[in-house]
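Inspection log for the structure reproduced underneath, given as structure tokens.
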Amino acid sequence: MATAVLIVCILYFLAVVGSNAEDPYRFYTWNVTYGDIHPLRVTQQGILINGRFPGPTIECVTNDNLIINVFNSLPEPFLLSWNGIQQRRNSWQDGTYGTNCPIPPGTNYTYHLQVKDQIGSYYYFPSLSFHKAAGGFGGIQINSRPRIPVPYSPPDGDYTVLAGDWFVSNHTDLKTKLDQGYDLPSPDGLLINGRGPNGNTFTVEKGKTYRFRISNVGLTTSINFRIEGHLMQLIEVEGSHTVQNSYSTLDVHLGQSYSVLVTADQPPMDYYVTVSSRFTEPDNILTTSSILRYANSGTGGKDTQLQKRDPPAGPTVQIDYSINQARSIRWNLTASGPRPNPQGSYHYGLVTPVKTIRLANSASLVDSKLRYSVNGVSFTPADTPLKLADELNIGGVFTIGSIPDKPKSRGHVQIATSVMGANFRDFYEVIFENEESTVQSWHIDGHSFFVVGMDGGQWSADERLHYNLRDTVARSTVQVYPRSWTAIYLPLDNVGMWNVRSENWGRQYLGQQFYLRVYSPVRSWRDEYPIPGNALLCGRASRASFH
């Protein structure tokens with residue numbers, strides 16, 4: 001009898017422990033459709049998620065499991081990707097064509113994501129067929145677990161701000177222009193949360209503090225964000241708690257996300273929330289605004305004083321201003337990250353890189369058509385997702401090493417399905433080199449990296465003497481200024497097939513990207529999850545066997 005009771009107690013204990021050990025699940029059902037939108041007062045075809053533009057914001061907590069069932073009601077294939085979500089051991093869910101087959105029209109696919117060991121502000125977007133120019137994007141908020149303190153008091157409100165450039169041309173027309181060998185035209189305007197000038201109102205109360213999560217979801221343009229009469233206290237950059245410097249304006253480059261705290265400490269009235277383009281010609285600066293409205297300000301929603309003044313001006317082409325601001329963004333070494341240990345407990349500056357990779361972007365004509373390239377190779381998609389081909393041993397889809405790890409001499413540009421090989425747990429130094437006159441923005445899926453240096457001119461080994469090896473911020477998207485370089489340290493701690501790309505969507509579409517194959521010889525769930533049971537098959541993989 002005593003033995004039976006003991007067994008029952010043990011089973012109950014294991015059941016309780018097991019149920020408490022699994023992280024929470026959050027379920028979403030999304031229907032993706034076309035619908036009329038008119039953000040710049042011109043009716044155009046937009047991509048809606050559950051009838052909304054932008055799509056719904058995902059609000060979750062570190063380590064939550066996200067089950068997102070996406071119904072594709074478009075007349076063409078569709079894919080969603082998750083900018084900055086690392087997909088630990090699970091590149092199967094990354095949502096780029098190099099890893100996933102598209103969702104066929106009239107069908108659905110269920111993403112199984114875990115926001116493993118991450119906090120912060122991110123966004124999702126459609127990654128296929130230039131759909132990003134039609135919408136389909138939305139914010140992602142990952143909050144810390146309650147038992148892990150954050151280095152600031154809980155804000156009184158939390159706003160997601162999705163800002164960026166916008167074109168009134170249909171996304172299919174923009175895609176056709178690129179396919180014909182031309183660059184994108186200048187954007188027609190800027191949007192904040194899918195709306196044009198003064199289309200949004202953020203309501204605050206005097207004396208309270210609010211979090212603004214700002215992401216640049218545009219296609220071609222760096223932006224500057226500011227709130228009239230208010231300072232912004234930076235607290236987080238793409239999953240890293242930062243030293244809490246205050247800024248009157250903040251540059252946000254393509255694909256980047258920031259969190260700031262804003263205290264409503266001004267006289268109660270309406271104030272401009274302004275976004276303007278950066279590094280564009282002075283006669284081609286784009287500006288849009290929303291309204292920061294103090295509750296009970298007595299304006300009744302019609303502040304005539306706001307209408308009598310223009311939105312405050314911001315920086316335009318000043319590169320030194322932007323570089324100095326970027327260098328001022330530092331890691332908060334005493335704050336806990338997603339885990340209880342301080343961020344600074346990982347001493348990235350004491351790790352010796354096993355390899356240096358130099359990546360140079362360039363533009364050129366191939367058969368009289370514009371192409372963009374990395375190290376002389378312009379990416380072209382294969383007929384089968386690379387991750388599937390790798391998993392199912394399908395030959396002829398890609399070749400590891402089809403892109404060199406340093407720039408070629410100027411000249412012939414090769415068009416190829418470029419894949420660079422790398423070993424799991426290696427530690428790389430990566431130098432982004434930009435000899436062009438435009439600012440670049442680079443993103444690496446599946447990883448966070450440390451931005452150790454940036455400057456003008458040509459990079460050389462002597463620049464390492466000036467690297468920040470103590471408290472630079474860890475992030476997944478970084479800018480490279482015109483005729484400049486940016487250096488990062490990249491821990492290759494996530495097995496998979498990962499997209500390395502320009503966040504300028506015209507450049508990405510025309511070849512400025514490649515895939516990094518982070519390989520482990522151990523076939524173990526410790527390193528990488530197996531192919532999902534619901535994985536879509538296409539191309540040559542549709543004729544392959546799992547066995």
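Worth knowing before you read on, the calculation uses all heavy atoms, side chains too, and leaves out hydrogens, waters and symmetry mates.
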If you measure from CZ on Arg26 to CG on Asn65, what distance do you get to the nearest 0.5 Å?
-> 10.5 Å
Quick one: list whatever passes ring-ring contact (aromatic ring centres under 6.0 Å, His included) with Trp82, sequence neighbours left out.
-> Tyr111, Tyr124
Would you give the length of the straight line joining atom OG of Ser378 to atom CZ of Phe514, rounded to the nearest 0.5 angstrom?
-> 13.0 Å
Partner set under side-chain hydrogen bond (donor to acceptor under 3.5 Å, both in side chains) for Gln513, not counting sequence neighbours | Asn499
Presence of salt bridge, Arg501 and Glu503, under 4.0 angstrom = yes
Any residue meeting ring-ring contact (aromatic ring centres under 6.0 Å, His included) with Phe449, in chain and number order, not counting sequence neighbours | none
For Tyr481 against Asn434, the heavy-atom pair lying closest together = O-ND2, 3.1 Å
Is the side chain of Asn83 donor-acceptor paired with the backbone N or O of Gly255 at a distance under 3.5 Å, no angle test?
-> yes
In Å and rounded to the nearest 0.5 Å, what is the CG to CG distance from Asn494 to Asp527?
-> 10.0 Å
Is a side-chain donor or acceptor of Gln256 paired with a backbone partner of His253 at a separation under 3.5 angstrom?
-> yes
Closest heavy-atom pair and its distance - Glu228, Pro312 | CB-CG, 3.9 Å
Decide, yes or no, whether a salt bridge links Asp390 with Arg517 under the criterion of side-chain N to carboxylate O below 4.0 Å.
-> yes
Taking every heavy atom of Gly496 against every heavy atom of Ser91, the minimum-distance pair comes out as CA-OG, 3.6 Å
Can you list the residues that meet the side-chain hydrogen bond (donor to acceptor under 3.5 Å, both in side chains) rule with Gln318, with sequence neighbours excluded?
-> Thr316
Atom pair CD/CD1 of Glu391 and Ile531 - distance to nearest 0.5 Å = 5.5 Å
Please examine the side chains of Tyr122 and Ile142, heavy atoms only from C-beta on, and report whether any two atoms are closer than 4.5 Å.
-> yes
Residues at least two apart in sequence or cross-chain that pass salt bridge (charged side-chain N to carboxylate O under 4.0 Å, His left out) with Arg52, listed by chain then number, are none
So, Lys206 and Asp265, do they make that salt bridge, N to O below 4.0 Å?
-> no
From the list Asn224, Val439, Ile323, side chain to side chain contact (heavy atoms under 4.5 Å, CB included) with Asp251 holds only for Asn224
Specify the closest pair of heavy atoms between Gln93 and Asn100, including all atoms of both residues, with the distance to one decimal.
-> C-OD1, 4.0 Å
Please confirm whether the backbone N or O of Ser322 pairs with a side-chain atom of Gln479, one donor and one acceptor, at under 3.5 Å?
-> no
When you measure from the side chain of Ser484 to the backbone N and O of Gly457, does any donor-acceptor pair fall under 3.5 Å?
-> no
In this structure, which one of Ile119, Asn63, Val115 forms a side chain to side chain contact (heavy atoms under 4.5 Å, CB included) with Pro338?
-> Ile119
Under a 4.0 Å N-O cut-off, is there an ion pair linking Asp64 with Lys116?
-> no
No-hydrogen, no-angle side-chain donor-acceptor test under 3.5 Å, Tyr321 and Thr249 | yes
With Asp94, which residues qualify under side-chain hydrogen bond (donor to acceptor under 3.5 Å, both in side chains), at least two apart?
-> none
Is it true that a side-chain atom of Thr486 and a backbone atom of Met454 form a donor plus acceptor pair closer than 3.5 Å?
-> no
When you measure from the side chain of Asn468 to the backbone N and O of Asp471, does any donor-acceptor pair fall under 3.5 Å?
-> yes
Contacts of type side-chain contact (heavy atoms from CB on, under 4.5 Å), residue Asn284, not counting sequence neighbours | Ser186, Glu281
Under 6.0 Å between ring centres, would you say that holds for Tyr271 and Tyr294?
-> yes
Which donor-acceptor pairs under 3.5 Å do side chains of residues 232-239 form with protein atoms, sequence neighbours excluded?
from   : atom 1 : to     : atom 2 : distance (Å)
Glu236 : OE1    : Ser121 : N      : 3.4
Glu236 : OE1    : Ser121 : OG     : 2.8
Glu236 : OE1    : Arg211 : NH2    : 3.2
Glu236 : OE1    : Ser259 : OG     : 2.6
Glu236 : OE2    : Ser121 : N      : 3.0
Glu236 : OE2    : Glu238 : N      : 3.1
Glu236 : OE2    : Gly239 : N      : 2.8
Glu238 : OE1    : Arg475 : NE     : 3.4
Glu238 : OE1    : Ser476 : N      : 2.9
Glu238 : OE1    : Ser476 : OG     : 3.4
Glu238 : OE1    : Thr477 : N      : 3.1
Glu238 : OE2    : Ser257 : N      : 3.1
Glu238 : OE2    : Arg475 : NH2    : 3.0

Partners passing side-chain hydrogen bond (donor to acceptor under 3.5 Å, both in side chains) against Glu433 (at least two apart in sequence or in another chain) = Arg358
Across all chains, not counting sequence neighbours, the ring-ring contact (aromatic ring centres under 6.0 Å, His included) partners of Phe212 are Tyr159, Phe202
For Arg213, salt bridge (charged side-chain N to carboxylate O under 4.0 Å, His left out) partners two or more places apart = Asp158
Looking at Phe53 versus Phe137, is the centre-to-centre ring distance below 6.0 Å?
-> yes
Output the distance between atom NE2 (His447) and atom CD1 (Ile488), rounded to the nearest 0.5 Å.
-> 10.0 Å
Please answer whether the main-chain N or O of Glu205 pairs with a side-chain N or O of Tyr210 as donor and acceptor at a distance below 3.5 Å.
-> yes
Under the ring-ring contact (aromatic ring centres under 6.0 Å, His included) criterion, do His112 and Tyr529 qualify, and how do the steps go?
-> CA-CA 12 Å; His112 294 74; Tyr529 294 141; over 10 Å; no
Please list, chain by chain and in numerical order, all residues satisfying ring-ring contact (aromatic ring centres under 6.0 Å, His included) with Tyr346, sequence neighbours excluded.
-> Phe450
Side-chain donor-acceptor contact under 3.5 Å, Arg425 with Ser520 | no
Quick one: do the Ser373 and Asn375 side chains pair a donor with an acceptor below 3.5 Å?
-> no
Any ion pair linking Arg523 and Glu528 (charged N to carboxylate O, less than 4.0 Å)?
-> no
Smallest separation among heavy atoms of Asn332 and Pro151, with atom names | ND2-CB, 3.9 Å
Strictly under 6.0 Å, is that where the ring centroids of Tyr489 and Phe427 end up?
-> yes
